[in-house]
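Below: the structure, in structure tokens.
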Amino acid sequence: MSARGNARTNGNLPQTKICQFKLVLLGDMAVGKSSLVLRFVKGQFDEFQETTIGAAFLAQSVCLDDTTVKFEIWDTAGQERYHSLAPMYYRGAQAAIVVFDITKPETFERAKAWVKELQRQASPNIVIALAGNKSDLADKRLVEYEEAQTYAEDTGLLFMETSAKTAMNVNELFLAIAKKMPKTDTQNPTHAARHRGVNLQDPDAQSSRSCCGN
Amino acid sequence: MNKMETTDSPVITSLHQSDKNERQSENNLDSISEVEDLITLPRMERGKETTLIDTSSEDNLNPKYLPVDIQKEETVVFDVSETGKPSEDNGHEDSGEFVVAMLARGNLEEQGVCTKRISSPLSETPLEASSHWDEDVTAESWRQHRKHVFVLSEAGKPIYSRYGSEEALSSTMGVMMALVSFIQSGDNIIRSVYSDEHTVVFMQQGPLVLVSVSSTRQSEQQLRNELLYVYNQIVSMLTQASITRIFEHKKNYDLRRLLAGSEKILDGLLNLVDFDPSFLLSAVHCLPIASSFRDSLSQILQKAITPNLVFSILIAKNQLLTIAQEKMVIEDAKLDPSDLHLLLNLIGASSAFQAGEIWTPICLPSFNPDCYFYTYISYLDPPECTVCLLLLSTDNEAFYAVAECKRKIEEAMQAQNALTSIAKAQSYSVSQVGVSDLRHFMYKPFDVPDNHHQLTQFTSPEMEAPYDSEEEKMRLLDLYRDMHGRIHSASRPLKLIYRVAARETLLAWVTTKFELYTCFSPLVTKSCAINAITKLLRWVKKEEDRLFIRYPPKYSTTPNASKS
Ligand SMILES: Nc1nc2c(ncn2[C@@H]2O[C@H](COP(=O)(O)OP(=O)(O)OP(=O)(O)O)[C@@H](O)[C@H]2O)c(=O)[nH]1
Ligand SMILES: [Mg+2]
């Protein structure tokens, strides 16, 4: 189940299907977006993780039965000055993780705003997951599990409480998203690589563009 | 190639000439010999502003310069220069006195005489009391810092303080702002305040006010340049246009909201400004490598291009390896060393760039203060993270194309085993020059080929014993800064300074071909020093292909017709 065994760009086994998806992380600053990504991609956690500048692009694959799901991850910066740039990163994304910090109610409010924005402006079929991070800080909890879960149910989101620090639910979250991704894709990896960021599900996604100059 | 050799003889002559001049003036100038312009030179870096205070000038009688006593015989002199229109010398005396009273109050507060923080009587909005701060701003240690830097908005809102939190300092900032706005209302701009111990320099840039409070004895111009770096680093994150727009909308906007998380970048900048002479010289320092190796790295960058790519920069250990530039773009505007300094500082200030491939907007203020470049940043040698590639594009959608360029660069470098060679590259020791008594130098040439497209560069060896401790490094840099200040003095620029200090002898010299600062052991004689410099210049000439990027590579990436 662990994603770790997979090399970043491998997956060329003839019998496995390769699916590639663009996933974006959004949320207020310091809620733990980068920490979640680094836990998932590198299996690391840094107490002194520094604030993201712009956005960081990372890739990681997970295996699901006969399918390798490759995530191309955009870890965006939560700082206010980058908010207006968010569309540049979530445009064409097939999945999003909106993160809040369970010890900071205002980050939950901010997460709701992100969800609204995604539902209005991102790809119509985007799969959105809500992550209540820092669940290890239970004694400082200020957002109740039930509250977030009710909201997620009403809004049609995946929801999990996570801890990048203890790794709780981190792989599980990405795996749950991978399961919800359409697996109709049968493109070979070379082809897929040429169409990074293309919404494989939605053929007329306006964001489709093949970028690499071959 | 021969340019410098042919100048060898005039070089010696002018040195001898200056020698004579110095002897005549040696007595009244103490150990510092100064030679006024022997030849007419283009005066580089002479600020547009010409008013510099001279406490000894007869202008002391002018009401514009008011020496005032505040506390313990500190003499404070105000330099209030007129802006624009011809001066109507009226009422300045009053405003000056008022301002002094305000400053004295600010001073008292800073020194903790008033134990309670009082909000400034002049600020319109009450300044909130601080909730927390890293450093006790009333403590002696806070006042002891060599150089404080503050940034505030025109409405007096704190934006940044180098030491202690801005909030804890809001009353001090309020007083500063009161000063600035009061003087402004009289059509004047407060520029600087001098006391025996401190120089206070004010600078207004659009809706921001920057203040430097320094005990370093640096020239006003140098401090002003440093403030400009701080301003430009802020612009590099937000652009000037958006800063202006924000404050047009809301005069008392709290800009810290938009700068959250970037204090570290500004702290890092001010640290570099203190310790890295690149900022003083406005020149770039590149890592010395064999010119054939640099050429092959340049070619790799030149080949990995995509539409709208404008700069490809390779750095190692925070020094430049090579930079390839788009032809048309560079014809429009030259890449200023200061923009590169801001980029290098940004990269060095945060480990966030090690997390993956970064795609972020960055503005290069000297190039164009109102526009962003979309910048791809990735280390090529994880997990060590010493070799960093920066690719700047004008197209915000170009990430995947630009990332593909990185992969090409990575492959080509791997094929040549370039990372191993880069890892071996290092700065050089002054002993390699082979000139006894020479301890350190900084050499900035002007006679570079292809001058129009060239980045201003300088070369300098490692600082070695006795300048290997932080204090000694700083002391030598202060000596250099002092000579630099005299050489570039707007009122009385010098070409040559020979200075016998207690623990070293220094010689600074500027010609049409170069600017040079040298440091010798204290026992060196003047003729020895002159000899040594001739040898040093020959050595630099011989090594210049290794020390400098001689012909910066260019490429052409036909701009996408669809993007403007
Ligand atoms: N206790 C605990 N701390 C965490 C957890 N996740 C992140 N942190 C800490 O929270 C701080 C911020 O984490 P980041 O991952 O940088 O947050 P971010 O959302 O990427 O922040 P920006 O990049 O500024 O938007 C860091 O000090 C992390 O070590 C967690 O699950 N538990
Ligand atoms: Mg982050």
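What you are looking at is a predicted structure, and each value in this text was computed from that prediction instead of being measured. First the proteins, then the strands, lettered A, B, ... as listed; each starts at 1.
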For this session: Name the option with the most non-hydrogen atom pairs under 4.5 Å to chain B; the candidates are A:Asp75, A:Leu85, A:Thr52.
Result: A:Leu85
For this session: Please flag which part of B:Leu346 lies under 4.5 Å from any non-hydrogen atom of chain A: side chain, backbone, both or neither.
Result: side chain
Exercise. Is there a donor-acceptor contact under 3.5 Å linking the side chains of B:Asp381 and B:Thr386?
Worked result: yes
Problem set entry | A:Leu38 portion near chain B, given a 4.5 angstrom heavy-atom threshold | side chain
Problem set entry | A:Phe48 versus chain B, the contacting section by heavy-atom distance below 4.5 Å | neither
For this session: Could you look at B:Ile362 and say if it's the side chain, the backbone, both or neither that has a heavy atom under 4.5 Å from chain A?
Result: neither
Exercise. Contact part of B:Leu238 toward chain A, heavy-atom cut-off under 4.5 Å: side chain, backbone, both or neither?
Worked result: side chain
Exercise. Do B:Glu357 and B:Tyr376 meet the criterion of a side-chain donor-acceptor pair at a distance under 3.5 Å?
Worked result: yes
Problem set entry | Per-residue contact mode, A:Gln79 against chain B (heavy atom under 4.5 angstrom) | side chain
Exercise. Under the 3.5 angstrom rule, does the side chain of B:Gln205 hit a backbone N or O of B:Leu208 as a donor-acceptor pair?
Worked result: no
Exercise. Of all of B:Ser242, B:Ala260, B:Ala352, B:Pro361, which one pairs up most often with chain A through heavy atoms under 4.5 Å apart?
Worked result: B:Ala260
For this session: Among the options A:Met29, A:Glu80, A:Gln49, pick out the one with the most heavy-atom pairs lying under 4.5 Å from chain B.
Result: A:Glu80
Problem set entry | Ion pair check, B:Lys264 and A:Glu50, cut-off under 4.0 Å | yes
For this session: Could you verify whether a donor N or O on one side chain and an acceptor N or O on the other, from B:Ser393 and B:Asp395, lie under 3.5 Å apart?
Result: no
Problem set entry | Sub-6.0 Å ring centroid separation between B:Phe399 and A:Trp74 | yes
For this session: Find the distance between OG (B:Ser338) and CG (B:Asn345) and round it off to the nearest 0.5 Å.
Result: 12.0 Å
Exercise. With respect to chain B, which residue among A:Ala30, A:Ala77, A:Ala56, A:Ser34 yields the maximal number of heavy-atom pairs within a distance under 4.5 Å?
Worked result: A:Ala56
